[in-house]
Every structure is written in structure tokens, then in C-alpha cells.
Amino acid sequence: MNDNESHEHEHHDELHAARRAKLDRLIELRVDPWGQRFDDRSLIGVIRQRAGEVNYRLESGKEIDLPLEIDDEDFDFRAWKAEQGKGELTGPDVRAAGRIILHRDKGKLHFIDIEDWTGRIQLFIGQGQVGEENWEIVKCLDLGDLIGVDGQLRRTNTGELSIFATKIHFLTKTLEPPPAKHIGMTDPELRQRMRYVDLAYNEGSRDRFLDRTRIVQSIRQTLDEHGFCEIEGPTLHTVAGGAAAKPFNTHHNALGMDLFMRIALELHLKRLMVGGMERVYELGRVYRNEGISPRHNPEFTMLELYQAFGNYESMMDITEAMIANALLAIGSGPVVTWGEATIDFSTPLARVTYHDLFAEHTGVDPTDQGAVQACARSLGLETAGKHPDVVKNELFEEKVEDALTGPVFVIDYPASICPLTKRKADQPEIAERFELFVQGMEIANAYTELNDPDLQQQLFETQLEGIEEEHSMARMDHDFIRALRHGMPPAGGLGVGIDRLVMLLTNSQSIRDVILFPLLRNE
RNA sequence: GAGAGCGUAGCUCAGUCGGUAGAGCAACGGACUUUUAAUCCGUAGGUCCAGGGUUCGAGCCCCUGCGCUCUCACCA
């Protein structure tokens with residue numbers, strides 16, 4: 001269907017026709033259906049906080065505070081007023097604006113619930129109270145329209161806090177009908193494709209994304225407090241390094257140069273440490289040309305930070321601080337629910353070695369190469385032509401990672417699978433690396449950074465047997481090696497999957513619930 | 001990539017054995033000045049995902065395709 005046909009179709013649809021008719025009627029009434037600047041409105045959340053200013057004024061002139069139980073479900077406000085004697089409610093004049101979410105038409109009296117991004121409030125709109133000119137506008141209102149209102153904040157006979165309207169300001173006509181009230185739009189594809197509808201009408205959607213913003217702001221604040229500076233590195237790379245993933249390819253025409261969208265932030269941040277930026281981070285998008293799943297989106301948000309003169313233990317401390325502050329930022333305690341699970345982020349988080357977890361979950365001593373190979377083969381894993389540590393790690397992923405409900409820092413990885421990590425001084429076969437696992441998901445990955453240029457070059461040149469080049473993290477970057485030769489301080493470095501962290505903190509089971517516009521097939 | 005499920009009104013969903021296409025909400029008309037997913041009376045609204053097949057007859061059965069969801073695989 002082309003645009004003209006679909007446009008035509010909308011006009012023939014009676015739902016749309018009814019809205020168009022009201023649009024025309026507004027124009028007839030000389031009301032701008034698309035609204036104008038609307039100054040001095042208060043946020044509904046702020047207006048609701050003024051509920052305490054609503055009083056009951058007796059005929060004697062005496063003003064009585066409303067009872068504290070007034071918002072209780074079963075409180076009988078009519079009876080309470082009768083007990084006090086004759087009087088009337090008074091409250092402050094307020095101005096609000098929002099989208100019409102519910103509309104109860106009682107003839108010469110309409111109850112309209114409007115919502116802005118801080119909350120929802122009921123409007124009491126009586127024909128006699130607003131006057132004929134406004135009443136003509138009220139007759140043109142549809143669910144989804146944006147309106148402003150002036151009125152007095154009071155309560156109805158049932159105790160509901162309401163704005164008793166004196167004037168309606170039409171702000172924007174909605175030509176599309178909203179999804180079913182209280183059910184909303186449930187089809188996950190439509191929610192992502194039409195995120196504006198999801199945000200506008202689905203309960204909790206906007207709050208979840210606002211929580212994401214609060215978490216990200218909190219992380220920046222935590223890092224600023226620890227003396228880090230935020231930078232913006234290149235997203236177009238000539239070498240897609242710093243991680244093991246297939247990149248997106250692109251091309252610069254004027255330079256005649258093939259480029260990759262970045263798959264990690266690591267190597268440029270380390271170059272900055274060579275340049276004396278001692279505590280540096282980037283929080284930004286990376287791109288991986290791989291599968292899509294509830295835990296994977298082709299573009300996602302990564303935080304990487306590097307701290308000169310630190311190590312991977314410093315990174316554990318800062319990870320704990322970031323999570324604790326992020327929880328505070330969204331008004332949550334350290335214990336959160338995630339689906340069926342409960343996650344306790346109380347610090348310090350558990351720290352267990354790769355070695356111990358391997359032994360615990362496989363029943364095999366990870367230093368016994370023969371036993372590891374036998375165990376792998378018994379699970380049907382291919383072992384021929386693979387480096388022993390590759391086999392060991394495949395076994396680890398198979399048997400251990402999914403079982404890690406966490407939160408747990410898995411520490412001290414086999415060095416051979418960590419080409420960017422410093423080895424333990426007294427145990428060269430162990431790399432000073434941790435990964436933070438929660439609910440079987442890798443949330444963070446950190447190293448004591450390798451800063452020996454000769455060893456780094458050697459590790460880039462050595463492809464581990466059993467790992468194909470495109471799956472290897474060891475991807476030669478000559479300029480990076482040159483940078484290391486100029487001296488990078490010993491340092492700790494940390495990467496955090498922001499989307500997955502937000503999933504855990506907002507009780508979201510899919511990464512698509514925390515990414516505003518996840519990648520979708522063409523419509 | 002494999003398997004399972006789903007696709008019906010603007011939205012959320014029923015649809016029995018293969019026999020006239022259904023409900024709630026939304027919309028439209030009417031009643032109601034303190035409602036709370038308001039209520040009540042009435043009206044209208046359909047390319048049953050697409051194409052093919054079986055059949056006297058297909059929303060339903062069969063085949064193909066498209067799309068979505070879930071699980072698995074992939075993604076250290």
C-alpha cells in the first residue's frame with residue numbers, strides 16, 4: 001500500500017472520520033486544533049502534592065483540614081462532610097496540561113483524566129461551570145487529545161482529588177484512536193515499532209525509560225565523583241578491536257576507505273591513558289553484527305572506564321559503588337525482584353574464582369587437563385585442535401555461567417583467553433580479570449590492563465588454536481601497540497553492559513524493553 | 001539456523017463438528033451535574049495475514065509464502 005492509499009483508507013474509516021469531524025468543528029469554533037505555547041502550567045505530580053491545601057470551609061468561615069484517610073479506598077467522604085456540618089471545599093487555583101486518558105461523559109458533566117509525565121489527575125468539567133464557549137470545545141474532545149486546563153484543586157464527593165475546570169485550552173488533536181484503555185497495546189512488535197504509542201498509553205513504559213535515564217545519570221555522577229572525565233571516541237574504526245564480535249562494515253567515499261562501526265571502546269580509551277588522561281570513561285553505543293535475542297540487540301550501550309594506577313580490584317569497588325548509587329537513583333533498595341527471582345545487590349558482592357566455580361559446577365579439577373578434556377567430550381563438545389583453555393572455557397560457559405544467579409564477581413581467568421589482560425605476577429597462567437554475573441547474564445567485564453607493548457604485540461600475533469579469527473579478541477592494531485610503547489600506566493579497566501544492568505534494575509526480561517527503538521525488520 | 005505457537009473489527013480477544021462473522025472497550029445517536037475501566041437504551045463497524053488446494057460449502061482441513069512470539073542454537 002502506498003502513502004496515498006493508506007491516507008485514503010484513513011478517511012474512509014469511521015473512527016478516523018469522527019476525529020476529523022471534531023477537528024473541523026474546532027476550526028469552525030476558531031480554536032487552533034494544534035495548539036500554541038502554554039505557559040505557567042504546573043506538573044501534575046507537583047499539583048498532587050498540593051492536596052494538603054484543600055480544606056473544608058464551614059458556613060461559619062472556619063476551615064477544617066481534610067482527614068488523612070481520605071485517599072483510602074473505603075473512606076466515606078460524604079458521611080465525613082455531613083458530620084462536620086454544612087460547608088464547601090476550597091483549594092488553590094492550578095493550571096495543568098496533559099493527554100486525555102479516560103473520559104466519562106455524564107451529560108452536562110464530564111470527568112476527564114489527563115496525564116503528563118509526572119502523573120495523572122481527574123478534571124471535573126461541568127457545563128454550567130465552564131460556560132458555553134468552553135463547552136463547545138469539550139464536545140470536540142477525544143481520548144488521546146492534549147489539553148490544558150485552569151481550575152481549582154478540590155475533591156469530589158467521593159474524595160477524589162480533581163481540578164474543577166474553569167477554562168479548557170485545546171492543545172493538540174489526536175487523529176489516531178488509542179489502544180484499549182487499561183489493556184493498552186500488548187503486541188510486543190507493535191510496542192517497539194510504535195514506541196510513541198507504547199510510551200503514551202502503556203502503564204509503566206515511560207517510567208521504565210525514565211528510570212533508565214536516571215540510572216545513566218547516576219553512573220555519570222558516580223564516575224564524576226571519583227574524578228573520571230567523560231570523552232567521546234570515534235565510532236568509525238579502521239580496526240574493530242577490543243572485543244570478539246563481527247562488526248558492521250561501512251565505507252568513507254572521499255577517502256576511499258573501508259571502515260567498521262566500533263564493537264568496543266577499549267583501545268581508544270587506553271590510548272588516552274597513554275596521553276595522561278588518568279581517569280577516563282566513555283558511555284556510548286557499540287555495534288555488533290550478530291544475533292538478536294532477549295539479551296542481544298545489534299546496537300547497545302556500553303560503559304568503559306580506565307583508572308591509572310588501579311587494578312581489577314579497584315574496578316570491583318567502583319562497580320559496587322555504581323550499582324548502589326543507581327539503585328538509590330531510582331528509589332530502590334539493594335534487593336530487587338526480577339521476574340520470579342529476587343536479586344540482592346547488597347555490597348560487598350560475592351567474589352569467587354573461576355577455578356573454584358569450575359570445580360564446583362563440573363566436579364572436575366580445572367588444572368587436570370586430561371579430566372577437563374574428558375568431561376568436555378562427555379558433553380559432546382569438540383576438543384580436537386583446540387587449545388586446552390578454549391575447551392575449558394567452553395565447558396565453563398556450558399556448565400557454570402547459566403547457573404550463576406549471582407550477583408557474583410567471577411575472578412582470575414585463564415590467561416590464554418585474555419589477550420588484553422595483565423597476568424598475575426606470581427602466576428603467569430592466570431589473568432587478573434573478573435566478570436560480574438547476575439541471573440546468568442554477563443553484566444560487567446574488567447581487567448588489570450596489560451600495558452607491556454611487546455607482550456601485547458605477541459598476543460595479537462598469536463591466534464589461539466580453536467578460535468577463528470573473526471571470533472578472536474586478538475586483532476592486530478599497530479597504532480595501539482605504538483601507543484603502548486609510549487607508556488601506558490598500570491591500570492584497572494571496566495566494561496559494563498548498560499542495557500543489561502537497566503534490565504536487572506527495572507525488572508525487564510527483554511533488552512528490547514529498555515531500548516527505546518530496538519532494531520526491527522522493515523515494515 | 002531448528003522446533004513449537006500465533007495472525008479474526010481501531011485495541012484486547014472468542015469462534016464448538018467444515019454450514020449466515022462474535023463479545024468487551026473505542027466510535028456514532030440518545031438519557032443523566034459528583035463519575036472512577038461510570039451506568040443504561042440504540043446504531044454502525046470485517047481483504048478472518050497473502051496465495052493456492054480439498055469440498056456442494058473453508059476463519060476452521062491441506063500446501064506454499066510473509067510476519068510476529070517463545071524455546072533452542074549462535075553471540076567468550
Side-chain angles (χ1 to χ4, degrees), chain A residues 1 9-10 12-22 73 77-78 81 89 101-113 120-130 135 142-144 154-162 164 174-194 197 201-202 243-246 263 288-298 300 354 389-398 400-401 410 413-414 416-419 433 435 441-442 445 464 466-468 470-474 509-512 520-523:
Chain A
M1 192 189 291
H9 179 74
E10 283 169 20
H12 287 144
D13 183 321
E14 75 176 318
L15 261 72
H16 294 97
R19 285 170 181 260
R20 293 265 174 198
K22 288 175 186 168
E73 197 68 25
F77 187 46
R78 286 185 183 87
K81 282 194 293 187
L89 285 158
I101 297 298
L102 288 174
H103 187 179
R104 292 176 292 282
D105 174 356
K106 245 182 114 343
K108 297 187 176 64
L109 184 60
H110 287 212
F111 294 91
I112 292 179
D113 289 7
R120 193 181 281 202
I121 198 161
Q122 172 172 271
L123 311 183
F124 179 108
I125 305 174
Q127 184 174 7
Q129 288 82 344
V130 296
W135 196 247
D142 280 309
L143 289 177
R154 297 209 300 265
R155 286 182 186 268
T156 61
N157 279 345
T158 54
E160 175 88 13
L161 189 68
S162 307
F164 286 69
T174 302
L175 295 174
E176 292 289 338
K181 60 185 181 189
H182 291 280
I183 301 168
M185 184 178 262
T186 60
D187 182 332
E189 190 212 352
L190 288 180
R191 290 179 61 178
Q192 291 154 20
R193 211 175 271 293
M194 297 197 279
V197 175
Y201 297 106
N202 274 28
K246 290 177 211 156
I263 58 170
R288 297 186 180 179
N289 204 342
E290 293 174 345
I292 294 174
S293 84
R295 294 173 177 199
H296 299 85
N297 193 62
F300 62 99
Y354 185 95
D389 284 343
V390 172
V391 173
K392 189 194 291 184
N393 201 48
E394 285 179 4
L395 199 48
F396 187 86
E397 285 160 19
E398 182 80 14
V400 186
E401 288 190 356
V410 180
Y413 279 66
S416 50
I417 59 167
C418 307
R433 171 185 187 178
E435 293 194 343
M441 274 196 289
E442 180 196 333
N445 182 18
L464 276 187
I467 298 184
E468 295 159 40
E470 73 177 2
H471 294 299
S472 174
M473 205 190 285
Q509 312 303 306
S510 169
I511 199 167
R512 298 173 151 230
L520 298 171
R521 214 176 288 263
N522 277 330
E523 216 166 338

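Naming convention: chains lettered A, B, ... in sequence-line order (proteins, then strands); numbering from 1 in each chain.
For A/Arg120, the salt bridge (charged side-chain N to carboxylate O under 4.0 Å, His left out) partners are A/Glu115, not counting sequence neighbours. Not counting sequence neighbours, the partners of A/Thr186 by the side-chain contact (heavy atoms from CB on, under 4.5 Å) test are A/Ile183. A search for salt bridge (charged side-chain N to carboxylate O under 4.0 Å, His left out) contacts involving A/Arg295 returns nothing, not counting sequence neighbours. Partners of A/Glu435 according to the salt bridge (charged side-chain N to carboxylate O under 4.0 Å, His left out) rule, which considers only residues two or more places apart in sequence or in another chain, are A/Arg433. In this structure A/Asp142 satisfies the salt bridge (charged side-chain N to carboxylate O under 4.0 Å, His left out) test together with A/Lys22, A/Lys173, sequence neighbours excluded.
Regarding A/Ile183, its CD1 atom lies at a distance of 12 Å from the P atom of B/C11, rounded to whole Å. Atom P of nucleotide B/G10 and atom CG of A/Leu175 are separated by 17 Å, given to the nearest angstrom. Atom-to-atom, CE of A/Met185 to P of B/C13 comes out at 12 Å; the value is rounded to the nearest Å. Residue A/Glu397 contributes atom CD, which lies 12 Å from atom C1' of B/C74 at whole-angstrom precision. If you take CZ of A/Arg154 and P of B/U34, they are 14 Å apart, rounded to a whole angstrom. Rounded to an integer number of Å, the gap from A/His16 NE2 to B/C28 C1' is 15 Å. Between the CZ atom of A/Arg104 and the P atom of B/A38 there is a distance of 5 Å, given to the nearest Å. Between the P atom of B/A38 and the CD atom of A/Glu160 lies a distance of 11 Å, rounded to the nearest Å.
With hydrogens and angles ignored, no donor-acceptor pair closer than 3.5 Å exists between the side chain of A/Glu189 and the base of B/U69. Taking only distance into account, the side chain of A/Thr186 never meets the base of B/U12 through a donor-acceptor pair shorter than 3.5 Å.
Rounded to a whole angstrom, the distance from the C1' atom of B/U8 to that of B/C68 is 16 Å. Across B/C61 and B/G18, the matching P atoms stand 8 Å from one another, rounded to whole Å. Between B/C62 and B/G5, the two P atoms lie 11 Å apart (nearest whole Å). Taking atom C1' in both B/A31 and B/G7, the straight-line distance is 41 Å, to the nearest Å. Using P as the reference atom, B/C28 and B/C66 are 41 Å apart when rounded to the nearest Å.
Among the protein residues, A/Arg155 comes within range of no part of the nucleic acid, since none of its heavy atoms lies under 4.0 Å from any strand. The residue A/Asp105 sits close to a base: some heavy atom pair falls under 4.0 Å.
Residues A/Leu102 and A/Phe111 form no side-chain contact, since every pair of their non-hydrogen atoms from C-beta on lies 4.5 Å or further apart.
Nucleotide B/U39 forms a pair with B/A31, judged by Watson-Crick or G-U wobble geometry with both contacts under 3.5 Å. If you check B/A44 for Watson-Crick or wobble pairing at under 3.5 angstrom, you find it has no partner at all.
Taking the six-membered ring for Trp and thresholds of 30 and 60 degrees, A/His110 and A/His103 have ring planes inclined between 30 and 60 degrees apart.
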Can you name the atoms? Protein N/O to nucleotides 25-27 of chain B N/O, anything below 3.5 Å, with the distance.
{"residue": "B/C25", "atom": "O3'", "partner": "A/Lys181", "partner atom": "NZ", "Å": "3.3"}
{"residue": "B/A26", "atom": "OP1", "partner": "A/Lys181", "partner atom": "NZ", "Å": "2.8"}

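To the nearest 0.5 Å, atoms NZ (A/Lys81) and CZ (A/Arg155) are separated by 11.0 Å.
Between A/Gly126 and A/Glu398, the residue anchored nearer the 5' end of RNA chain B, judged by the nucleotide with its closest heavy atom, is A/Gly126.
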